[in-house]
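The next block holds one structure in the form of C-alpha cells; read it before the comments.
Treat the numbers as computed from the prediction; the structure is a model and nothing was measured. Counting starts at 1 for both ligands and their atoms, in listed order. What's counted below: heavy atoms across the whole structure, side chains too, no hydrogens, waters or symmetry copies.
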Amino acid sequence: MADRLDKFISENSSLTRSEAKKALSGGRVTVNGLVSKKGELKVTDEDEVALDGKNLKKIGLVYVMLNKPAGVISATEDSRDRTVLDLIKENREIFEKCPKNGLFPIGRLDKDTEGLLVISNDGQLSHNLLSPTKHVEKEYIAECEGTLAKDAAERFEAGLQVGDEYKALPAKLTVLSDDGKKCTLKIVLTEGRFHQVKRMCHEVGAEVVFLKRISFGKLVLPDDLKVGEMRFVCKEDITGSDN
Ligand code: URA
C-alpha cells in the first residue's frame with residue numbers, strides 16, 4: 001500500500017508529522033538512496049526510506065501489555081483525564097517502537113480499576129477478543145466489603161441476573177478469603193459489560209472497593225510488571241495460538 005512520505009516517516013520513527021516535514025525540507029530523508037524533500041511523495045513497502053542515513057522499517061502490528069494504574073482512563077484521548085495512550089507516549093522506549101497513529105486499548109477497564117490492559121493497532125484481533133461469541137476469559141481479583149451470599153459461586157455459575165437488565169453468562173467465582181464483613185474474590189468472566197464485576201458482586205452482597213484484572217485471554221499479568229509499567233508481547237501470547 002502506498003503512503004505519503006511525511007506520514008510514513010512520522011508513523012515509523014519518533015518524529016511527529018511536523019518534525020517529519022522539517023526533516024524533509026532539511027534534506028535528512030532519502031528514498032532509494034536519493035534525497036527527497038517532497039512530503040506528498042507516495043512510497044510503498046518496496047521503497048527504502050532512510051532518515052539521517054538509517055533505514056526506517058514499517059512498524060506494523062504491535063501489542064503492548066500495560067499494568068494500568070487507577071486514575072487513568074482506557075481511551076485514546078480525553079480532555080480532562082490522563083489516558084492509557086498518554087502513558088505510552090510518556091514511555092520513550094515503547095513509544096519509539098509504536099506506530100504514531102491507530103493505537104487503541106483492546107477493551108476497557110474502569111478509571112479506578114488496575115491491571116492488565118492490551119493496547120494495540122490490530123483491529124481484527126480486537127474484534128476477535130471482544131466479540132461476546134468468542135468467550136474469551138478475563139480474570140479479576142476483587143476486594144469487597146459486605147456480607148457475601150453463601151450461594152454466590154453457584155449463582156455466578158448459573159448465570160447471574162444483573163438488576164433487571166441482563167442475565168450474565170455463567171462465570172466462575174472463587175472465594176480467596178471471607179471474614180463475614182469483607183472478602184477477596186477471584187472472578188472469571190467471558191463477557192465485558194459496563195461495570196460488570198462490580199455489578200455482579202453487588203448482586204451477591206459484596207461491594208467492590210478494589211479491582212484488578214490479572215489475565216486476558218491467555219495473557220497473564222506478570223508479577224514483575226509493576227503498576228504503570230508496560231512491555232511488548234506477541235499476538236500469540238494473548239490468543240495462545242498462531243492464527
Ligand atoms: N468490571 C468492572 O466492574 N470494572 C472493570 O474495570 C472491569 C470489569
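- Put simply, the side chain of Arg213 gets close to the backbone of Leu116: a donor and an acceptor are under 3.5 Å apart.
- Within the structure, ligand 1 lacks Phe194 among the residues with a heavy atom less than 4.0 angstrom away.
- Cation-pi geometry between Arg193 and Tyr166 is met: the NZ or CZ atom falls under 6.0 Å from the ring centre, inside 45° of the normal.
- Remark: ligand 1 atoms within the under-4.0 Å shell around heavy atoms of Leu211 are 1 (N), 2 (C), 3 (O), 4 (N), 5 (C).
- Residue Lys198 has at least one nitrogen or oxygen atom sitting less than 3.5 Å from a nitrogen or oxygen atom of ligand 1, judged on distance alone.
- The N/O atoms of Tyr140, backbone and side chain alike, include none that comes under 3.5 Å of an N/O atom in ligand 1.
- Two residues are said to be in side-chain contact when any heavy atoms from C-beta on lie closer than 4.5 Å; Val29 and Val49 meet this criterion.
- No donor-acceptor pair under 3.5 Å is formed between the side chain of Asp110 and the backbone N or O of Thr113.
- The closest donor-acceptor contact from the side chain of Lys167 to the backbone of Ala158 lies under 3.5 Å.
- Proximity to Thr113 (heavy-atom distance under 4.0 Å) selects the following atoms of ligand 1: 4 (N), 5 (C), 6 (O).
- Taking every heavy atom of Gln196 and a limit of under 4.0 angstrom, the matching atoms of ligand 1 come to 1 (N), 2 (C), 3 (O).
- Judged by distance alone, the side chain of Asp151 and the main-chain N or O of Glu154 form no donor-acceptor pair under 3.5 Å.
- Evaluated by nearest non-hydrogen atom to atom 5 (C) of ligand 1, the leading choice among Asp110, Val208, Val197 is Asp110.
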